[in-house]
Structures are given as structure tokens and as C-alpha cells.
*Asks:* 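Right, I'll just put the structure down here and ask away after.
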Amino acid sequence: MGERKAEKTGQAARPAGRFLRPAATVCQEVGFGILGPAVARRPLWRCRGLGYDSRLCSFSALVTFMFEPVRGKPDFPALETAISAWWREQGIYGKSLDRRRGGPRFVFFEGPPTANGMPHPGHCLTRTIKDLYPRYRTMRGEFCERKAGWDTHGLPVEVEVCKELGIHSKAEIEAHGVEPFIHKCQESVWRYMKEWETLTERIGFWIDLSQAYVTYHKEFVESVWWALAELFNRGLLYKGHKIVWWWAQGGTALSSGEVGQGYREVADPSVYVAFPLLDEVGQPERRCLVAWTTTPWTLPANQFAAVKADLDYVVLRHPGDVDRELIVAEPLAASLAEKLKQEFEVVERLPGSAFVGRSYLPPFDIFRQPGPPPVALLAAGGNQPAAWRVVAADFVTTDSGTGVVHIAPAFGEVDYGVLVAEQARFATGAGPTLLNPVAADGSFTDAFPMGSGRFVKECDRDITRDLRARGLLVHQEQYVHDYPFCWRAEKDPLIQYPRESWFIRTSRFREQLLANNERIEWLPEHIKHGRFGNFLESNVDWALSRERYWGTPLPIWVCDQTGRAEAVPSYEALLAKPGVTGMEVFEEAKRARPELSDDLRVHKPYIDAVTYDSPFAAGSRMRRVSEVIDCWFDSGCMPFAQWGWPHRGREEFAAQFPADFISEAIDQTRGWFYSQLAISTLLFGGSAEPADSGPAFTCTDAVDPAAGYPHPFRTCIVLGHMLGEDGQKMSKSRRNYREPAFIFDTYGADALRWFFLAGQPPWTSIRYSERAIRESVPEFLLRLWNVYSFFVIYARIDGFDPGGALAEPGTLDHADLARARGWRPPAERAELDRWMLSELHATTASMTEKLDAYDHFAAAGELSRLVDAVSNWFVRRSRDRFWSAGRAEPGGSVEKLDAYWTLYETLLTVARLAAPFVPFVTEAIWRNLACGPFGDRVPASVHLTDYPQAADGLVDRDLVRRMALVRDVASLGRAARAAEKLKVRQPLAKVEVILADPDVGDADWLAAHADLVCDELNVKEFEICQEPERYISRSLLPDLKKLGPRLGKDLPQARAAIAAADPTAILAAIQKRGQAVVPLGGGREVMLEEGDVLVRTMAKPGWAAAEGPRAVVVVAKEVSPELIAEGLVREVVHAVQTRRKALDLEFTDRIELVFATPSTELRAAVEAHLEYVAAETLAERATFTTTLAGEPIDIDGHPLVMDVIRAGGPHA
RNA sequence: GCGCGCGUAGCUCAGUUGGUUAGAGCGCCACCCUGAUAAGGUGGAGGUCCCAAGUUCGAAUCUUGGCGCGCGCACCA
């Protein structure tokens, strides 16, 4: 047995550290006392088992020691709730703000969630991201106020209340009474408030909930009013018609989201109807346009027929019916003929434009007088029939139908657009008016007697029958398609229906919106010109009003007599109006219910009661319009309305606009992202001038602040949607996800945060799976915790006392620690220490860079690699130092102390680096490692420290590269062993390494680390191979990136030629003359220069070798009898240890060993190393006997029976 | 239907301006360690890079067309 063995034997013979298990038990009992005032100074007597340690004497220091014991198996959820409570008690969030007051601002806007629904995992994600960056920037020295907010208005709230009341239509709400209904809405808004607050605190989202803005509060409403009045006064708020999806039975329009929920596949009648063209005197011709529709009930409202101008149409005639000719788009003629099962002859072929302007006979004449079509005055001069005329339209396609589109402006958005466009062509008032034979309840009016009083859809059959009777029906069939129904009343089909509505002229600002958008940093980038940009491109005016109850009332008052309107910017301005009355309605309600919120003053129905004298007509009164507004407008006003600006909060607004950072999920592109951008752009304008110099926004004037793009936000992280366990949409009924509370209680908030932050880029859709969350724990949190726990255990044993060594700790940065007694500069420390600090500071630099670029996913990856480096290389390779004798004190073991200082600095720095990601566990580490020894001399919380600054001087890039090389070599060595089934327990004589690139000086360095490699690989000797040709072959590879552009088509030949050439000769030529010539055949040749070729090293077969990109590692396969014996002995030791474990012996238990084997070889091996075996297994005696009962075990083919007896105890 | 995004190992995902042997984690199998221990480490197996055509000396990567999934807008006469 060689020297190394003896060393190890010596070590094991020392009963060092065998008390570990009991100590850990104690830690569990102690818990996390650091957080409370009751910092545990547990009596030593609880540390049972300590008596086994010869170094117990050193434990006397423990009593005054500052590091709390750490439990080996952490209970993260319990830890987190304790820390959370401590933060609350100590006001740590407030303190983190206080110390940055006056610093540069980092402005964050909270997109308001609605508190009338339960928070779900998606909110956990947004709240994690929204927490990370403010925390990070605060640690970087910026002042980041975080004001919470709640979105409280809108249909969802009304729906909740309706459910509760068991009603659903507007009529029922009215019957119930608007006033009590509103009261219910206001209460309902806070229904899940507690859950939201709990979630917010539990996930560690630091935000000021006490100062939250609330969209129904009077101050907020008044800011919104100001914005609306501003738009109104600038002529940007107008009243118009809009075609909406109308739930006729319920008397309300539905939002697109609601409509989307109600689509069902149904079969509707599909009819092809003839529209006979009219001649000059108004008589029907033979020729008929053929139009197609799946909603026959809209035919009475027909006003136009649309064709595509540049599309070819054909006039078809059936030989058996010469009295009628059909006009359809040429590409669709065949399919029509097929449907009709008829052969047609093409009479004529004409472009669509040939029909534009022609009059036709509509299918019903309810709005039309017989005779020639009446004409109307065109705006450009001249006359034209206003309606029942062919128009050209680009939206006409040949995908289906006939290429002739029936236009009923009352019942289709596109159709309505045609009407508006046509109206514009005529002199004011002369153009076509909207024809609508349907009442708001969905029944035909008397204007269409055939269907009068009946629901339109029920009239489809009668209409079709009538058309057939009059010879206008060309064809009829069933058509299966998706059609929306009311999501609350499944039998009620929705219809498109015109309603009056208020609009904001956003479309006029399209260019400004795009210019503003151009300046916003979107993550991921494609949002800017993709989804969001496209949305802006196709901007239409914002349909603002809602015919509902619970929302910000539209602050427009209209004159009874003249119909003229004005907007009111605040409640105060309203009260100042002449002859104002009606406020008493609220006052009375308040007297009846004193608990009534004063905010309801500005809500329906109270606000509707307030009227005043009209400035437009003497004796007339001004009354508010009945509508409330789209709640998205509320949210978009949040940048200023959260401060009540411009009525108040002037300073706050000036300081907090625009936002540096916002983040929400992708569904907000048309929601909050748009509402903010639109409102800000319309109100504050701005230019595309870069706003780099100084603040983009100076609020000098309350009404017209000068703004430069971008505003109101600079950077926006758009998060992906979260999916359930099965990759489907999360849904309560499907139960495909775990409640956040369950995750918190089981794995903890840090685990969930880490899963979100490090699991995937934030914009991919995240599959929220319990398994993935669970598995994210060991890879980072637990590993970090183990290192931390390892450190504390040994620091306590060895008396490592930074608090005593350093009087003024500062923030425990590298420079601060340098003042400590016993601290040595890295240059004087072991290489491993310098390596660790290199990694630490290099990672610090790159993490900072990545977080500054809002790339937390990459930053988390860096962090994870760093913790892996600490755990799996630094600690592992430093064990000898931590386990060596001597105390970690000045005057003690210098190398040991170095190791402690290195690990201490690393852990403190990692805690700060990771603090924005996993705020709880890092707090626990900081509290113990920093506050433990230093108390009040250091910041009480890791979140009150600065983010680490990389000290470039400590980064030794060569060392980092070379250490990585050693780790590679170790891995390759193991791979080589594994390939030959040479297990690590079998010592081998030698390992040889061939470096792929021998020029970097790495070889010498590696050779100097022979011990390390030998230790890792369990070999006796290390050598940089002197005759690599024995083991490897080299081949030349052309550098394709370089040669490709130069050689082009010759490249394949060149590759073949280079592969066939003698690599040694080429390399030599390049080395000597700077270039080498390789013939290509055909007289051509390739000139190779330095860098044109790469050398690839491959292991020759027949050796125990493994190759990687940087090295080939060869281990000696041959094992001498001595090596085999050592291997056998190690197998025996392993077997004994396994038995010890099976017998559940304490680590400290001494044993007696008795062996029996028929194998003389095995016996000889063991006997030769008996001392070693005894030491490794804590055996007081190890003997051989000839007969022993028991099951023999296999030691590399040698049977062995053994008996393990606990010394001094009963037979084990 | 239109738009945006995405299809890479059993699962979750990386893959930088096209370049030589496509990676990681988890899971699986085998092994190692047993003084951080209901942890830790190492190795291995596992891939038609959705399909097809094209551009190119060369395509997971670029183009076009399919197919599939997610989301958004519509539902279209």
C-alpha cells in the first residue's frame, strides 16, 4: 500500500467528526432561532453524542458562537413564513426603500389585477417577475416605489353579482334596483382580497398594498374623467354606431371574450339568392347577381351588393331557361353548377367593375318604392341611387359563396363599413341611411310584416319559402359552421346589431402610436412588430361606452333641448355648475346606510341624479348620458390616475412617469399594454426624438406635459401563458393544476419562484407542473442549502469567527473582508481558493450584465452553475482542509482559515446574487452568516445590501479555463474506466493525458496537478503523454467557416484532399513556412495557412481511453497483483460499510470483524491491509477464521463470509 | 379563415451571424461515495432536429409549401 493509502489510513484513524449525525439532530430541534429575539443559545447538554469527539473541547467555543446550527433537511415553507413575518414586523421593505430615497428612480407600474376572482398560478408568475426586477434595481442603488393597484370595474363583477342574485338580464337588474345592485358590486370587488394579500406576501412580492390605487375610488375616477374631458374637448370623443354582438333576449352587448366562449357548431340554412339587375327605367333584366348568405333573416335589410372590381365574373345561362342569366365570379361558377346539378353555358365574361354602380332589385321591397330607383346628390356633384346598388369591395373573396356579397349594414360590421363609406360619397344627409327592420329584442318590427314580432332566426324558413315562391331562390342547402350563442343562455343565438356608442378617435393617432411603440423595448422582441405592432397597424376607434351599471360613468352631460354636450373633468367641477341639483340622492342613501362608501358619489345611480342648468339653452337642464365606460380605459389611465393627477399628486406623477419596467402576460397586448399606450399617446403626445438625455417626461404643466417617446413604459416583458399539468389550459373544472397554496405549503415560495425564473424563458408558455416544481428544488435550493449547512457545521467546529476578526464589516464585500485578522489576499491562498473567487466574480459580472438586459433566465443559469461549482468542486476538493486538524483562527491552520474565508465570501456573495430570485432562503443565509457574527454592524437583511460588484482583479481567466480542463480530464478518465469496466474502487497504475492543444501552457499546469487527478481517478501515477502517437491519431479538419467562403464549390474536394493528406506533414509545413499546399486534382491546389485547419485528436482503439474536445485520457488497463489486492481490499471495506449501514449502526459505533473465505488470494490481500480495513470501518479488531456461518458475499469473484459485531455491545 | 408564436432525447427546454461529433436538466439503467448522508457524484443508453421541396460547397438554423399545437382577431357575406 502506497504513501497515499497510509495518509488516508491516518486520517480515518482519527475519529474526527463522527458526531455529525447527532449534531444534525440537534440542529433540527433548534430550528431557525435567528429570526426572532430568542436567538437560541441552547444548552450544550442537548448536543448528545458529542462525547465521541476527541475534539469536543473545541466545542466549548460553541456557546458564544454566532452561527446558528443549520438543519440538514430544511423545511423551506416554515422558514419562509417565519421570514415573511419578520419582514413584516421589521418593516424591511420600507427600509429597503428608505435607504434608496434620493437615488435614481426605477419606475415600476403595477398592472391592476381584479380582486373579485381567486388568484391562480398565472398570477404567481407575474408577481414573481414583477418582484425580481424592483428588488434587483433596489440592490443596485435605485429607488423603486411599488404601488399596488386593483382593477374593480366591469362586466365580470356584474356577472358575479348576478350569479349571486340568481338573475342575469338587464331587465332583471333594473327590477332588482340599480342602487342595491351597485352596492353589491362594490362589496363583491373585495371578495378575494384576503387571498390576494396572502398570496402577495407568501410569494414574497414586495409591494405597498396599503397605498393601493383602486379604480372605483373617487380620486381615480376623477382622473379618468379628466382624461375623457380632455379628449372630448379636443374633439376626440364622439358618438357613433357600432355593430356589436348582441344578446337580444338579455338586451346587452357581449364583449369579444364572452362571445368567444359561446361558439358552437351549428347547421344554418345557406341560400343563394338572385338579385335582378335593373335597366334604366327600373325594370328587372334577365341578368341576376347571385348572392350567398347563411343568415336569410338579414335579407330584408339588404342595401348593397358587393363585387370585387378586378375579379372576372361570368354570365351563365341554362339552356332550358333562356329567361334568366346568372352572374357569379368565374372561379365559383363550377361549384355553383355542381350544386345545381346543371350545365351552364357562359354567355359573357366581364370584370367586376363592369357591374359597379348598377342598380338591382333587392329581395324584399319593404324599404323601397316601386319604379325606377330614386337618385341622391353626390358630394362630388352628380346623382346616383343611394341604395340597392352594386359596389366594389376588396373583402370579397372567392373562398366560398358566389363572389357577390349581400350587404346588410345593420347586421354586419363589414357591411356597416360599406354604408359609412357610401354615406361619405354623398352630399351631407343625402346618402343612404341605415335600414333596420329589427327591434332591440331581436324581433322583426312592423316594417317587415312577414316576421313582425317574431325572433329573426325563427323567420329564416318563411323567408326562404317566400324567396322560392317568387323565383328568387337559386339554391338552398344546409351549411355547417361555428356560430356564437350567449355563454349564459345557451339556446340564445347572438346577432350582430347596431347600437349607439361613444368612440375615441384612436385611429387618427395610428402613426403616433406606431412611433411610440417603436421606442419601447419589448421582450420578446417579436411582440413589437408582431402581435402588438400588427394590432396597432389595424387600429380602429376605441368603442368606449358600455350600456351597463358598474363602471366609471361617462362624464358627459347633454342638454335636454339642444342635445349639445359637454364633459366634466371632476366632481368638484360638477358641483360648481350653475343650478346643480341631485346630490341629495346620495346624501339620503348615506343617511340610510352610513357605511356607504363616499366613492359611490361618482357612480350610478347617484351621479345620474345630478343635473344642472344648460349653458346652451335657457331653462334647459344638462343630464348625464346613461353609459359607463370600458374598464380597460380605467386601467390605461393608471399611470396618472394612481396619483389622482392632475387634480392632485403632481410631484408623484412627475417623478413616476414613464415606467422603466412593466410586465404582464401576453393576453394584455390588447388589454393593458394597448390601453396604456393609446391613452398616453393621445393625452401626452410626444415625439420620436430620443429621450436619452435626461428624463423623457417633465411634468411642468398639469395639462400638457412634454413627453418624448417611449411612454408610458420603456421596457415590457410579455409573459407566456401558463398551462396546466396536461399542457392544456388551466381550468378549475379539469383540476389540472395545483393551487398555489398547496405549492407554498409543500415546496415553498422560493421553489416556485426558482421554477418560474430558471425553468424557461419567461415568454414561453409554461407548463405548471407539480413534478417540475418539485424537481427544481434539489438542483439549486437544496444544493445551496447543503453548502451553507456544510459551512456552518464546520465553522462551528473549527471556531471560525469572522465577527471577532473584523471590527468594521461594512457590507462584507471582498474589500471589507480584507481588513479581517487572519484574512490573506487571494494571491497568497491556495489555487483552489483563487479559482473559486475567480468563478464568483466572473459570475457576478455576467449576472449583472444579464439582469440589466432583463434576461433573468440566463442570469439564473449562471447562478446555478456557480452553486454547482461551489458544491461539487470547491467544497469537495477542500474537504481535506476542512477536515484537517487545527482551528480556523488566526494562529491556527493558515490553509484551513483560507478555505473558510473563501467559502464565507462565496456564500455571502451568492446570497446577495440570488436574493432577488429566492428572497427567503437567501435571507436565512444572510441572517445567519452575516448577522450572526456581526449583529447590528451589518445590514439586518440581505435585501438591505448592495448587489455585489465584480472585482475584475480577482478573475483569473487562465485558471478558470485550466480548472475546467482538470474537471474534463477527471470526467474523461472516469469515462475511460467505465468503458473498460474498470471500476473506480480498483486502483490503476497510471493515467496519461494527451491535450488537443498543447500550446497554451496548460500541459505544465496540468502536470503540476498530478495529485489532484490521481486522487479523482484513483490511479497511482499521472503523466502528460510523451509519445501521443501510441494512443491517438490526429486528423486535420478544414475550418469550414474560413475555407467555405474562399473555396465555394471546391470545398467538398478540398475536404477530401485534406482528409487524405498526411496531417503531420501539413502541420509541419504550416509551422515552418506559414503555409501548406494540398493538391486538389486537375492541377488545382489549395493553399492552407495558419488557422485554416483544426486538429482533431482521436483515441486509437485498444486502449482504455476517452476523448473530449480538449483532451484524450488514457488509463492503464493492466493491473498488477498488488493493485488487484488493493482493489479487493477496497471491495471488502465497501462490503463492511454496506453491512454497517444495513445494521443501522451509528457512525461512531466501533465494531469487531470476523472474516472467512476459501480464497487464499482474498485472505492474503485483506491480511496485508488489515490496518487499513480496520481504520476505514472503525473496527477494533479484524480476524480470520476458517468456518463461519452465513451467506457468502461476492468480492470480485471471491466468496467471503463476514460477521460484523458491535464492539462492547450485543451481537449486531 | 387571417395574424403571431412554437414543433429538437421518454418529459421540460437550450442551440449565438448557416459550418465539422446537436446540448442541458429531469426521468431511466449502471456505477461511485458514505465525515453535507432520507443527501452527493460519475458514466451510459436514448434524437428521421414535424414533413416535403428549394437556396447553398454545407441547413436544426435561410426560403416556400404542407401538417400539428398554443394564443390573438374574426366567424366572413
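Residue numbers begin at 1 in each chain, while the letters A, B, ... track the order of the sequences.
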*Asks:* Using a cut-off of under 3.5 Å, enumerate the N/O to N/O pairs linking the protein to nucleotides 40-44 of chain B.
*Replies:*
| residue | atom | partner | partner atom | Å |
| --- | --- | --- | --- | --- |
| B:rG41 | OP1 | A:Arg783 | NH2 | 3.3 |
| B:rG41 | OP1 | A:Asn872 | ND2 | 3.1 |
| B:rG43 | OP1 | A:Ser971 | OG | 3.2 |

*Asks:* Name all residues meeting the ring pair (Phe, Tyr, Trp, His ring centres under 6.0 Å) criterion together with A:Phe275; count only those two or more places apart in sequence or in a different chain, and write none if there are none.
*Replies:*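 Ring pair (Phe, Tyr, Trp, His ring centres under 6.0 Å) check on A:Phe275 returns A:Tyr360.
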*Asks:* Under the side-chain contact (heavy atoms from CB on, under 4.5 Å) test, which residues partner A:Ala408, sequence neighbours left out?
*Replies:*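 Checked A:Ala408 against side-chain contact (heavy atoms from CB on, under 4.5 Å); matches are A:Thr298, A:Ala301, A:His406, A:Phe411, A:Asp415.
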*Asks:* Using whole Å, report how far CG of A:Asp798 lies from P of B:rA36.
*Replies:* 13 Å
*Asks:* Which residue pairs pass the salt bridge (charged side-chain N to carboxylate O under 4.0 Å, His left out) test with at least one member in residues 292-306 of chain A, sequence neighbours excluded?
*Replies:* none
*Asks:* Using a strict threshold of under 4.0 Å (side-chain N to carboxylate O), is an ion pair present between A:Glu1016 and A:Arg974?
*Replies:* yes
*Asks:* Between A:Phe780 and A:Trp785, does the ring centre distance come in under 6.0 Å?
*Replies:* no
*Asks:* Among all residues two or more places apart in sequence or in another chain, which pass the ring pair (Phe, Tyr, Trp, His ring centres under 6.0 Å) test with A:Trp672?
*Replies:*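 Not a single residue meets the ring pair (Phe, Tyr, Trp, His ring centres under 6.0 Å) criterion with A:Trp672.
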*Asks:* List for me each residue that meets ring pair (Phe, Tyr, Trp, His ring centres under 6.0 Å) alongside A:Trp542, sequence neighbours excluded, and say none if there are none.
*Replies:* A:Phe633, A:Tyr674
*Asks:* State which residues pass ring pair (Phe, Tyr, Trp, His ring centres under 6.0 Å) with A:His1134; sequence neighbours excluded, sorted by chain then number.
*Replies:*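 By the ring pair (Phe, Tyr, Trp, His ring centres under 6.0 Å) rule, A:His1134 matches no residue at all.
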*Asks:* Could you state the atom-to-atom distance from CD1 of A:Ile495 to C1' of B:rC76 in whole Å?
*Replies:*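 One finds 17 Å between C1' of B:rC76 and CD1 of A:Ile495, rounded.
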*Asks:* Show me the protein contacts with nucleotides 30-32 of chain B, counting only N or O atoms at under 3.5 Å.
*Replies:*
| residue | atom | partner | partner atom | Å |
| --- | --- | --- | --- | --- |
| B:rC32 | OP1 | A:Arg985 | NH2 | 2.3 |

*Asks:* Answer yes or no: is there a donor N or O on one side and an acceptor on the other, between the side chain of A:Tyr900 and the main chain of A:Tyr794, under 3.5 Å?
*Replies:*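 Indeed, once roles are kept as given, a pair shorter than 3.5 Å links the two residues.
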*Asks:* If we call it a pair only when both distances are under 3.5 Å in a Watson-Crick or G-U wobble match, what pairs with B:rG43?
*Replies:* B:rC29
*Asks:* Could you work out the separation of B:rC26 and B:rA39 based on their P atoms and round it to a whole Å?
*Replies:*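 Nearest-Å result for B:rC26 against B:rA39 at atom P: 14 Å.
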*Asks:* Once you round it to whole Å, what is the distance between C1' of B:rA74 and CG of A:Asn534?
*Replies:* 15 Å
*Asks:* Kindly write out the residues that satisfy side chain to side chain donor-acceptor pair (under 3.5 Å) with A:Ser871, not counting sequence neighbours, or none if the list is empty.
*Replies:* none
*Asks:* What residues form a side chain to side chain donor-acceptor pair (under 3.5 Å) with A:Asn534, not counting sequence neighbours?
*Replies:*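 Not a single residue meets the side chain to side chain donor-acceptor pair (under 3.5 Å) criterion with A:Asn534.
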*Asks:* For B:rU63, which nucleotide is its Watson-Crick or G-U wobble mate, given both distances must be under 3.5 Å?
*Replies:*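 B:rU63 is paired, partner B:rA53.
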*Asks:* If I pick the P atom on B:rC28 and the same atom on B:rG68, what distance separates them, to the nearest angstrom?
*Replies:* 35 Å
*Asks:* If you measure from the C1' atom in B:rA9 to the same atom in B:rG70, how many Å do you get, rounded?
*Replies:* 22 Å
*Asks:* Scan A:Val404 against the nucleic acid and name what it touches under 4.0 Å (heavy atoms): base, sugar-phosphate only, or nothing.
*Replies:*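 The residue A:Val404 makes no contact with any strand.
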*Asks:* Output the rounded distance in Å from CG (A:Asn539) to C1' (B:rC73).
*Replies:*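 Rounded to the whole Å, the gap is 14 Å.
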*Asks:* Between B:rU16 and B:rC62, how far is it from one P atom to the other, in whole Å?
*Replies:*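 To the nearest whole Å, 9 Å.
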*Asks:* Grab the CG-P distance between A:Asn302 and B:rA77 for me, whole Å please.
*Replies:*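 Result: 14 Å.
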*Asks:* Between A:Thr293 and A:Phe790, who's closer to the 5' end of RNA chain B by nearest nucleotide?
*Replies:* A:Phe790
*Asks:* Take atom C1' in B:rC69 and the same atom in B:rA36, then report the distance between them in whole Å.
*Replies:* 45 Å
*Asks:* Suppose we define a pair by two distances each less than 3.5 Å, Watson-Crick or G-U wobble; what does B:rU37 pair with here?
*Replies:* none
*Asks:* Measure from OH on A:Tyr416 to C1' on B:rA74 and round the result to the nearest Å.
*Replies:* 20 Å
*Asks:* Salt-bridge test for A:Asp868 and A:Arg876: reply yes if a basic N is under 4.0 Å from a carboxylate O, no otherwise.
*Replies:* no
*Asks:* When you compare B:rA22 with B:rG46, how far apart are their P atoms, in angstrom units rounded to a whole number?
*Replies:* 13 Å
*Asks:* Determine which nucleotide pairs with B:rA14, using a 3.5 Å limit on both distances of a Watson-Crick or G-U wobble pair.
*Replies:*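 Checking every strand shown, B:rA14 finds no partner, since no pair has both distances under 3.5 Å.
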*Asks:* The criterion is salt bridge (charged side-chain N to carboxylate O under 4.0 Å, His left out); which residues satisfy it with A:Glu849, sequence neighbours excluded?
*Replies:* none
*Asks:* Counting only Watson-Crick or G-U wobble pairs whose two distances fall under 3.5 Å, which nucleotide matches B:rA77?
*Replies:*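 Paired with no nucleotide.
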*Asks:* Going by purine N1 to pyrimidine N3 plus the second Watson-Crick contact, or the G-U wobble pair, all under 3.5 Å, which nucleotide sits opposite B:rG70?
*Replies:* B:rC4
*Asks:* Say we look at B:rA53 and B:rG10: how far apart would their P atoms be, to the nearest angstrom?
*Replies:*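 Pairwise P distance, B:rA53 against B:rG10, rounds to 24 Å.
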*Asks:* In whole angstrom, what separates A:Gln496's CD from B:rC75's C1'?
*Replies:*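 About 9 Å, once rounded to whole Å.
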*Asks:* Base contacts versus sugar-phosphate-only contacts with protein, heavy atoms under 4.0 Å: please encode nucleotides 5-16 of chain B as B, S and - from 5' to 3'.
*Replies:* S-----SSSS--
*Asks:* Could you pick out which residue, A:Val787 or A:Thr295, lies toward the 5' side of RNA chain B when each is mapped onto its nearest nucleotide?
*Replies:*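 Residue closer to the 5' terminus by nearest nucleotide: A:Val787.
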*Asks:* Rounding to an integer number of Å, can you tell me how far A:Phe756 CZ sits from B:rG25 P?
*Replies:*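 A:Phe756 atom CZ is separated from B:rG25 atom P by 23 Å.
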*Asks:* Parallel, tilted or perpendicular: which one describes the rings of A:Tyr272 and A:Trp292, with boundaries at 30° and 60°?
*Replies:* tilted
*Asks:* Do any side-chain nitrogens or oxygens of A:Thr294 fall under 4.0 Å of OP1 or OP2 in B:rA77?
*Replies:* yes
*Asks:* Between B:rC67 and B:rG25, how many Å separate the two P atoms, rounded to a whole number?
*Replies:* 37 Å
